[in-house]
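To start, the structure itself, in structure tokens.
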Amino acid sequence: LGFVTCKAILQTSDGGYLIGAWGKDTITKTETYYTLKTDSLGNILWIKTYPHRPPSKFLEDEDGYVVCITGGEGIRVMKLDKNGNEIWSKRLEGMDTVCEKTPDGGYIIASSYLYYVNFYKLDRNGNIIWGPRQYSTASFMPQGLIRSSDNYYYLLGFANPIPSKGPKDAEDFFLMKIDENGNPGF
């Protein structure tokens, strides 16, 4: 694989791992983006390359994996079967992304876009149920999204103030709460 940098990892229900990585081919010097599946001993079962950025988050459900990819031309959410074959792919507006499963088998996607946070709800087939729900923020980089016991989703990340409203290079954390329809909770 050449020089590889890992970006995301998920231990799968079979004891193996999904690994999102990128690397430069040692001969051609071109960047390649990988999703690797290993068994529980670390033996590679399959490797898939994609013309996108490396995965930033994996989710697993009964029939495969959802891959959230932070990208240059928007974000991409992909569904793969257990062998890594693409079932569906959806391109959404944004730069950095995190995702979480919903109780109905769908997915909540949060992404940064300029001075906004975008939220989307996708069904299990990748169809957009709602979104984008767009909320004004500082320059934002999402780091985590969870569903809590109160049935809200909490988004955490780093924020830089809007340039005209804060000191340059200041960084702070950002926390946002939304309900199942993307409405803010605080």
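Treat the numbers as computed from the prediction; the structure is a model and nothing was measured. All values below come from the heavy atoms of this structure, side chains included, with hydrogens, waters and symmetry mates left out.
Taking the side chain as every heavy atom from C-beta outward, T38 and L45 never approach each other to under 4.5 Å. Side-chain contact between I19 and K37 is absent, with no heavy-atom pair separated by less than 4.5 Å. Counting heavy atoms from C-beta outward, W130 and F119 have side chains that approach closer than 4.5 Å.
Counting only N and O atoms by type, the side chains of N183 and Y152 include no donor and acceptor under 3.5 Å apart.
For D123, the salt bridge (charged side-chain N to carboxylate O under 4.0 Å, His left out) criterion is met by no residue, not counting sequence neighbours. In terms of the salt bridge (charged side-chain N to carboxylate O under 4.0 Å, His left out) criterion, E93 has no residue partners (sequence neighbours excluded). Considering only residues two or more places apart in sequence or on other chains, K90 meets the salt bridge (charged side-chain N to carboxylate O under 4.0 Å, His left out) condition with none of them. D179 meets the salt bridge (charged side-chain N to carboxylate O under 4.0 Å, His left out) test with no other residue; sequence neighbours excluded. Residues that satisfy the side chain to side chain contact (heavy atoms under 4.5 Å, CB included) test with T102, not counting sequence neighbours, are D104, I108, K121, Y153.
Of the inter-residue distances, the one linking L59 atom CG with C99 atom SG reads 4.0 Å to the nearest 0.5 angstrom.
Considering all non-hydrogen atoms of both residues, K101 and E60 come closest at NZ-O, 2.5 Å. Listed here is the closest heavy atom pair of Y34 and P55: O-CD, 3.7 Å. The shortest non-hydrogen separation linking I87 to L80 is CD1-C, 3.9 Å.
Judged purely by atom type and a 3.5 angstrom limit, D14 uses its side chain to pair as donor or acceptor with the backbone of G16.
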Verdict with reasoning, I109 to L122, per side-chain contact (heavy atoms from CB on, under 4.5 Å):
CA-CA 8 Å; I109 312 298; L122 305 182; 4.1 Å; yes
Can I get a per-line list of side-chain donor-acceptor pairs under 3.5 Å for residues 62-69, giving both atom names and the distance, sequence neighbours left out?
from : atom 1 : to   : atom 2 : distance (Å)
E62  : OE2    : R124 : NH1    : 3.1
D63  : OD1    : K79  : NZ     : 2.8

